[in-house]
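This report concerns only the one structure given below.
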Amino acid sequence: MPELPEVETVRRGLEIAMQGHLLQAVLQRRPDLRRPFPPFFVERLTGRRVMALERRAKYLILRLDEDLALLIHLGMSGRLLITRQDESPPGKHDHVIFDLDTGVRVVFHDPRRFGAMDLTSASLIGDHPLLRDIGPEPLDASFTVKSLAPRLMKRSSAIKIVLLDQTVIAGIGNIYASEALFRAGIAPDRAADELRPFEIAKLVPAIKQVLTEAVAAGGSSLRDHRQPNGELGYFQHGFKVYDREGQPCPGCTCRTGILRKIQGGRSTFYCASKQR
DNA sequence: CGGCAAACCTGCGAGC
DNA sequence: TGCTCGCAGGTTTGCC
């Protein structure tokens with residue numbers, strides 16, 4: 001499902017349901033997702049208290065007591081849903097169930113199983129191999145033209161491809177890469193290292209703006225994404241180009257409208273007139 | 001190291 | 001109705 005806004009939406013929902021409470025029972029219903037679960041997954045989690053919920057890029061971090069941290073990635077189709085322990089039995093793709101001491105149940109549901117979970121030391125979380133090389137958070141004040149420009153100057157690939165690289169910027173995925181480039185007026189196949197300073201000066205606020213608006217809307221709900229309370233996000237109504245091939249461009253009067261092309265095996269949506 | 005294709009999975013809608 | 005094909009908010013791996 002999930003890019004930064006969707007994962008942040010999940011974080012906020014889980015924070016309300018889980019923070020301060022005990023993991024009374026954990027049920028792991030299959031041996032692996034994309035990779036095997038870590039050894040003694042259930043045993044290490046059972047009885048732990050959830051101290052805090054954080055997000056880094058598209059990862060959720062559950063800080064637990066006893067210096068333990070649970071790292072969760074939702075992959076393409078993962079959801080975390082809040083329900084009650086007395087509700088219907090788990091379904092086919094409900095792979096992990098967290099029962100809290102409050103009667104709340106949190107279900108990890110992931111049909112494609114591209115998701116991932118790992119356990120690690122909470123105090124050394126930044127050193128974890130999955131987090132170690134991730135780039136700056138785009139909504140942090142430290143993400144600026146000055147910090148982004150040198151990173152882009154090292155890359156000759158198309159800017160759309162580079163925006164998806166989590167070591168360059170954290171949390172952008174296929175939707176928000178297209179949306180940010182449209183808002184910045186930059187063509188997706190431009191080489192990253194050939195962008196001019198004034199273009200990077202448009203790109204940075206475009207990224208911040210589209211992500212901020214999407215977080216405020218509870219993310220985008222296309223196929224799988226739900227907020228943890230089951231409600232839909234609604235930023236899909238704010239898309240200007242994503243999944244709008246053939247529709248009129250909302251930014252200009254060109255006759256071609258929104259185009260779709262494949263970059264790195266994935267769809268990019270753009271307007272050839274407004275984006276140069 | 002950079003760049004690119006393939007692989008990992010299941011489900012759904014379109015077209016025949 | 002039922003089949004095949006293409007496509008899907010991601011990341012890792014392996015090869016050049």
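Naming convention: chains lettered A, B, ... in sequence-line order (proteins, then strands); numbering from 1 in each chain.
Side-chain N/O atoms of A/Lys92 include one lying less than 4.0 angstrom from OP1 or OP2 on B/dG11. At C/dG10, none of the side-chain N or O atoms of A/Ser77 fall inside 4.0 Å of OP1 or OP2 (strictly under the cut-off). The side chain of A/His93 places no N or O atom within less than 4.0 Å of a non-bridging phosphate oxygen (OP1 or OP2) of B/dT10.
Atom name P, nucleotides C/dG14 and B/dC9: the rounded distance is 15 Å, in whole Å. Comparing the same atom, C1', in B/dG13 and in C/dG10 gives a spacing of 22 Å after rounding to whole Å.
If you take NE2 of A/His109 and P of B/dT10, they are 13 Å apart, rounded to a whole angstrom. Atom CZ of A/Arg260 and atom P of C/dA8 are 6 Å apart (whole Å). Between the CG atom of A/Leu33 and the C1' atom of B/dC8 there is a distance of 12 Å, rounded to whole Å. What separates CD1 of A/Ile169 from C1' of C/dT11 is a distance of 17 Å, to the nearest Å. As rounded to whole Å, 12 Å separates atom P of C/dT11 from atom CZ of A/Arg56. Atom CG in A/Asp110 sits about 11 Å away from atom P in B/dG11, given to the nearest Å. Rounded to an integer number of Å, the gap from A/Asp165 CG to C/dT11 C1' is 11 Å. In this structure, the CD1 atom of A/Ile175 is 7 Å from the P atom of C/dG10, given to the nearest Å.
Taking the six-membered ring where tryptophan is involved, the planes of A/Phe41 and A/Phe37 are tilted, since the angle between them lies from 30° to 60°. The aromatic rings of A/Phe269 and A/Tyr242 sit perpendicular to each other, their planes meeting at more than 60°, with 30° as the lower class boundary.
Contact annotation: side chain of A/Arg112 to base of C/dA8, donor-acceptor pair present below 3.5 Å.
The ring of A/Phe114 lies on top of the base of B/dC8, close enough and flat enough: under 5.5 Å between centres, under 30° between planes.
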| task | List the protein contact pattern of nucleotides 2-7 of chain B with one symbol per nucleotide (5' to 3'): B for base contact, S for sugar-phosphate-only contact, - for none; contact means a heavy-atom distance under 4.0 Å. | result | -SS---
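Between the side chains of A/Ser123 and A/Asp67, at least one donor N or O lies within less than 3.5 Å of an accepting N or O.
The cationic group of A/Lys261 lies under 6.0 Å from the six-membered ring centre of A/Tyr270 and within 45° of the ring axis, placing it in a cation-pi geometry.
In this structure, the side chain of A/Gln247 does not engage the main chain of A/Ile258 through any donor-acceptor pair within 3.5 Å.
A/Ala149 meets the side-chain contact (heavy atoms from CB on, under 4.5 Å) test with A/Ile200; sequence neighbours excluded.
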| field | Stepwise side-chain contact (heavy atoms from CB on, under 4.5 Å) test for A/Thr167 and A/Arg151 | value | CA-CA 10 Å; A/Thr167 70; A/Arg151 291 172 177 271; 5.8 Å; no
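For C/dA8, the paired base is B/dT10 (Watson-Crick or G-U wobble, both distances below 3.5 Å).
In the set C/dT12, C/dC7, C/dT11, the nucleotide with an atom closest to the side chain of A/Ser267 is C/dC7.
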